J.: 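One structure is given below, represented as structure tokens, and several questions about it will come after.
Keep in mind that what you see is a predicted model, and the values were worked out from it rather than measured. Chain A is the first sequence line, chain B the second, and so forth, proteins listed ahead of strands; every chain is numbered from 1. Heavy atoms only: backbone and side chains are in, while hydrogens, waters and symmetry mates are out.
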Protein chains: 2
Amino acid sequence: MEDAQHLELVNHLKDHLVPTAELEDLVSLFKSLGDLTRLRIILALAQTTLSVSELTDILGMSQSTISHQLGLLKQMNLVKGTRAGKNIHYRLADDHILTIVGTVKAHVEEQKK
Amino acid sequence: MEDAQHLELVNHLKDHLVPTAELEDLVSLFKSLGDLTRLRIILALAQTTLSVSELTDILGMSQSTISHQLGLLKQMNLVKGTRAGKNIHYRLADDHILTIVGTVKAHVEEQKK
DNA sequence: CATTCATATTTATGTATGCGCATATGTTAA
DNA sequence: TTAACATATGCGCATACATAAATATGAATG
């Protein structure tokens, strides 16, 4: 890289980086979706509301693990649960998440060619 | 959850889960974006083509780290580099990535309220 | 060539993270 | 209250991963 214009751009970039703190939320969200178990939970919840034990059964993993991951997803505002008697019904917090997953899925499909 | 219709849905889900293998690519992509350094690299490359040393300078990290992460991003087809003399110019592989980042950013912004 | 500059790779290390056992908490019903 | 069930949480193990120092590879320049 040599021309002056580019150099200027680089210097500008250096001084005008998006503050790390502001990116943390983005990173956290991507991290949340970047796990097979959590993504499977989300895709299941995209179909219907499910209790912890139902998810445990569907995904074939320990109750502890499911609960753990649901906790994370809840903390990230990706899912929310409401108690119904002994059970807790979990659902997606927001359809936005499906849009995101859909967008990425489209990208992956396209890449395959 | 008690009604018969829901029970049927759960059983159907259990048998018709998206195969784990098909989700791996999705997970990998999210994982790639779920790291502060890599996301910063991508955002920088969203502005202009950059060499490794320029990125090293801009992000204030070791050359080794930048190169390492660029390697990962390249492997994921998120960036691509072309040699230009001693340097290698890296750029985003595809504008799709920006759409993804944009979508997630929008989600995060909205969540903040 | 030999040296220098840019990038990649190897290696080491600290840290983060997924998982499930064991247990705690909370809910309902008897 | 006790028993039975559903969910959450503390803990430790195993593993993955980010970082950077040191080194290797490769390209340009004199």
J.: When you compare the side chains of Thr82(A) and Arg91(A), does any donor N or O come within less than 3.5 Å of an acceptor on the partner?
T.: yes
J.: Do Thr20(B) and Arg40(A) touch side chain to side chain, with heavy atoms closer than 4.5 Å?
T.: yes
J.: So for His68(A) and dG20(C), does any side-chain atom that can act as donor or acceptor lie under 3.5 Å from a complementary atom in the base?
T.: yes
J.: Among dA18(D), dA6(C), dT9(C), which nucleotide has an atom closest to any side-chain atom of Ser67(B)?
T.: dT9(C)
J.: Do Ser64(A) side-chain and dT9(D) base share a donor-acceptor contact under 3.5 Å?
T.: yes
J.: In whole angstrom, give the distance that lies between atom CD1 of Ile88(B) and atom P of dG26(D).
T.: 12 Å
J.: Separation of Leu70(B) atom CG from dT7(C) atom P, in whole Å?
T.: 9 Å
J.: For dT19(D), does OP1 or OP2 lie under 4.0 Å from any side-chain N or O of Thr65(B)?
T.: no
J.: Report the residues that fulfil ring pair (Phe, Tyr, Trp, His ring centres under 6.0 Å) with His68(A), sequence neighbours left out, ordered by chain and then residue number.
T.: none
J.: Starting at CG of Asp35(B) and ending at P of dA16(C), how long is that distance when rounded to a whole Å?
T.: 13 Å
J.: For a quick test of reading the model, state the closest non-hydrogen atom pair linking Leu29(A) to Met76(A) and the distance between them.
T.: N-CE, 3.8 Å
J.: With rounding to the nearest 0.5 angstrom, report the CD1 to OG distance, Ile66(B) to Ser53(B).
T.: 10.5 Å
J.: To the side chain of Tyr90(A), which of dA8(D), dA18(D), dG18(C) is closest?
T.: dA8(D)
J.: Let's see if you can work this out: which of dA6(C), dG18(C), dA6(D) has an atom nearest to the side-chain heavy atoms of Ser53(B)?
T.: dA6(C)
J.: Consider only side-chain N and O atoms of Ser62(B) and Ser64(B), and report whether a donor and an acceptor are under 3.5 Å apart.
T.: no
J.: What's the closest nucleotide to the Arg83(B) side chain, out of dA27(D), dT27(C), dC19(C)?
T.: dA27(D)
J.: Is there a donor on the side chain of Gln63(B) or the base of dA6(C) sitting less than 3.5 Å from an acceptor on the other?
T.: no
J.: Can you identify which nucleotide, out of dT19(D), dA6(C), dA8(D), has its nearest atom closest to the Asn87(B) side chain?
T.: dA6(C)
J.: Identify, residue by residue, the members of residues 73-81 of chain A with a heavy atom below 4.0 Å from DNA chain D, and return them in order of residue number, or none.
T.: none
J.: Is the distance from OP1 or OP2 of dT29(D) to the nearest side-chain N or O of Lys86(B) less than 4.0 Å?
T.: no
J.: Rounded to the nearest 0.5 Å, what separation is found between the CG atom of Leu59(A) and the CD atom of Gln69(A)?
T.: 10.5 Å
